[in-house]
J.: 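Quick one: structure below, then a few questions.
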Amino acid sequence: MKKNVIPKEGVYYIYSIYQQILPELLVRDLTKLFYDIEMPLIPCLYRMEKRGIKIDIQFFKQLTKELEKEIFSLQKEIYQLSGIVFNLNSPKQLAEVLFDRLKLPIPKGKERSTASEVLIELLPYSPIIEKILRYRELNKVLTTYLKPFPEMCDENQRLHTYFDQTKTSTGRLASLSPNLQNIPVRGELGQKIRKGFISEEGYLLISADYSQIELRILAHITEDENLIDVFLQDKDIHTTTAAKIFKVKEEEVKEDMRRFAKMVNYGLIYGMSDYGLAESLRLKKEEAKEFMENYLNSFPKVKEWREEVIRKAKEEGYTKTLFGRPRYFPALLSPNKTLYEQAKRQAINAPIQGSAADIIKKAMVEVDRKLIENRFNIGLILTIHDELLFEIEKERIEEAKEIIKETMENIYPLKVPLKVNIGIGKNWQEAHS
DNA sequence: CTCCCCTCGC
DNA sequence: CTGCGAGGGGAGA
Ligand SMILES: [Mg+2]
Ligand SMILES: [Mg+2]
């Protein structure tokens, strides 16, 4: 709920809007979604925004100081190595330095670009590249997180985001001003930044993260026996998938095989084709095709479902999530092949991503209600798509943990269990399990 | 102001 | 030719 969005005069129209949307809700069978999920979510989100999350301002400022020192010397070294002073933040100028002035090659299969993916390929050609990559990493965290956040805090060193309930096409929430759904987590620097998000004195943070919620939803929707089996036995989905793709025993699955399977699993959720898979993994077409076939034979209903969801979306014009949330796809009638193919991928993804959003929203309403009912002092403070973050008084941590886990895992029973991993700590890094 | 490039998260 | 977002900053209007 962003500040000042409702003008005084606007309130006048709410009843007339209600009169218009009620019949619309009824004919589209959306009353449950509206009254059981989205409406109760509004006060819940408002409380989360009001509670905010505490950051260690001194820690942010100290880290800023250290990284600014490093970034300044990086900048100097980059200008030295390139023999020219230019604006490092300008991809256009940087491309001119790298590809025209220093005559570095454009990797085959890639466009002329300074994206990190391209720069990594250029690492062997010049010592300037690693410095640019590090500069980018530091500049990103400094300008997006470390420098702005201390300025945005309230008098209690707490940051308050806004959750936008209407922004996304799938039903997810969006977080803005600041966005607290894209706080760095990967790598040493990400872990360090997360240590700056802390609990109040006498409190701890609890992170509750749905394990593989989208793949569990895929298992539920497709009713694929093998996929369901993996989750009923609580096996590692990526390891199991790797074993099936490569036709080896699960004990023989190596780390890179598991990583590959993970990409395949997510690729399927995102509507990826075998061509796209081959491309992203730089595989020979035949290999990718064989792995893809092994996958589809292992989880046959996934392929059937992907075709069925597209067929239905063409016929009816929309897809639906578990809770009946529609997403419309006019582009499925487009003569433009690019738009058409894109719409097909979106139509595969929307029911999965959107159903995950349905489930976590329902869990939020329910957990928030229970924690308030039981007189917890702070409670739910953030949602990051499949994770809920809570701030709870130390003495009642175990009590809260039980309520949270039990509520989230049983909020909407599927044909496979929903599993929630809980972590506890005095900062987000410790709590994020 | 908008568009684009780039990079952070799930 | 893998989905959904936010946001910093450059470039050009
Ligand atoms: Mg998770
Ligand atoms: Mg997560």
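Because the structure is a prediction, the values reported are computed rather than measured. Order of the sequence lines fixes the chain letters, A, B, ..., with proteins taken first and strands second; residue numbering starts at 1 for each chain. What's counted below: heavy atoms across the whole structure, side chains too, no hydrogens, waters or symmetry copies.
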J.: Kindly point out which of B:dC8, B:dG9, C:dA6 is positioned nearest to the side chain of A:Tyr145?
T.: B:dC8

J.: Classify the nucleic acid contact of A:Val185 as base, sugar-phosphate or nothing, counting any heavy atom under 4.0 Å across all strands shown.
T.: sugar-phosphate

J.: Ignoring backbone atoms, establish whether A:Asn179 has a side-chain N or O less than 4.0 Å from OP1 or OP2 of C:dG7.
T.: no

J.: Under a 3.5 Å threshold, yes or no: a donor from one side chain and an acceptor from the other, between A:Thr239 and A:Asp236?
T.: yes

J.: Is A:Thr338 close enough to C:dC1 that one of its side-chain N or O atoms is under 4.0 Å from OP1 or OP2 there?
T.: no

J.: More 5' along DNA chain C: A:Glu341 or A:His385, using each one's nearest nucleotide?
T.: A:Glu341

J.: Is the shortest side-chain N to carboxylate O distance from A:Lys140 to A:Glu137 below 4.0 Å?
T.: no

J.: Ignoring backbone atoms, test whether A:Ser113 places a side-chain nitrogen or oxygen under 4.0 Å from the OP1 or OP2 oxygen of B:dC6.
T.: yes

J.: Nearest whole angstrom, please: distance from the C1' of C:dC4 to the CD1 of A:Ile348.
T.: 15 Å

J.: Parallel, tilted or perpendicular, judged at 30° and 60°: which one describes the rings of A:Tyr266 and A:His238?
T.: tilted

J.: When all nucleic acid strands are considered with a 4.0 Å heavy-atom cut-off, which category describes A:Asn349: base, sugar-phosphate, or nothing?
T.: sugar-phosphate

J.: Would you kindly say whether A:Gln353 and A:Thr170 are connected by a side-chain donor-acceptor distance under 3.5 Å?
T.: yes

J.: By the 4.0 Å heavy-atom rule, please label A:Ile269 as base, sugar-phosphate, or nothing.
T.: nothing

J.: Measuring to OP1 and OP2 of C:dG9, would you say a side-chain N or O of A:Thr144 lies under 4.0 angstrom away?
T.: no

J.: Base, sugar-phosphate, or nothing for A:Asn139, non-hydrogen atoms under 4.0 angstrom?
T.: nothing

J.: Write down the distance between CG (A:Leu88) and P (B:dC6), rounded to a whole number of angstrom.
T.: 14 Å

J.: Can you see if the side chain of A:Lys167 gets near the phosphate of C:dA6 - specifically, an N or O under 4.0 Å from OP1 or OP2?
T.: yes

J.: Return the nearest nucleotide to the side chain of A:Ser90; candidates are B:dG9, C:dG3, C:dG10.
T.: C:dG10

J.: What is the separation between atom CG on A:Asn336 and atom C1' on C:dC1, rounded to the nearest whole Å?
T.: 13 Å

J.: If you look at every strand shown and take non-hydrogen atoms under 4.0 Å, does A:Gln93 touch a base, only sugar-phosphate, or nothing?
T.: sugar-phosphate

J.: Of the options C:dC1, B:dC10, B:dC5, whose atoms approach the side-chain atoms of A:Pro91 most closely?
T.: B:dC5

J.: Using whole Å, what does the distance between atom C1' of nucleotide C:dC1 and atom CZ of A:Arg306 come to?
T.: 12 Å

J.: Between B:dG9, B:dC5, B:dT7, which one does the side chain of A:Ser116 approach most closely?
T.: B:dT7

J.: Calculate the interatomic distance between A:Glu111 atom CD and B:dC4 atom P; express it in whole Å.
T.: 15 Å

J.: Would you indicate which nucleotide in C:dT2, C:dG7, C:dG5 comes nearest to any side-chain atom of A:Met263?
T.: C:dT2

J.: C:dC4 phosphate, OP1 or OP2: any side-chain N/O from A:Gln346 under 4.0 angstrom?
T.: yes

J.: Quick test of your reading of the model: are A:Glu188 and A:Lys192 salt-bridged, counting only N-O distances below 4.0 Å?
T.: no

J.: Just by distance, with hydrogens left out, do A:Gln157 and A:Lys54 show a side-chain donor and acceptor under 3.5 Å apart?
T.: no

J.: Which nucleotide sits closest to the side chain of A:Arg327: C:dT2, B:dC6, C:dG3?
T.: C:dG3

J.: With distance as the sole criterion, do the side chain of A:Arg136 and the base of B:dC6 form a donor-acceptor contact below 3.5 Å?
T.: no

J.: Quickly work out the A:Asn182 CG to C:dG8 C1' distance and round it to whole Å.
T.: 11 Å

J.: Would you mind reading off the distance between A:Leu268 atom CG and C:dC1 atom P, rounded to a whole angstrom?
T.: 18 Å

J.: Across the strands shown, which category fits A:Arg172 at heavy-atom distances under 4.0 angstrom: base, sugar-phosphate, nothing?
T.: base

J.: Using the P atom as the reference point in each nucleotide, state the distance between B:dC4 and C:dC1 in Å, no decimals.
T.: 16 Å

J.: Under 3.5 Å, side chain of A:Asn349 to main-chain N/O of A:Ile269, donor-acceptor pair present?
T.: yes

J.: Write down the distance between NZ (A:Lys140) and P (B:dG9), rounded to a whole number of angstrom.
T.: 9 Å

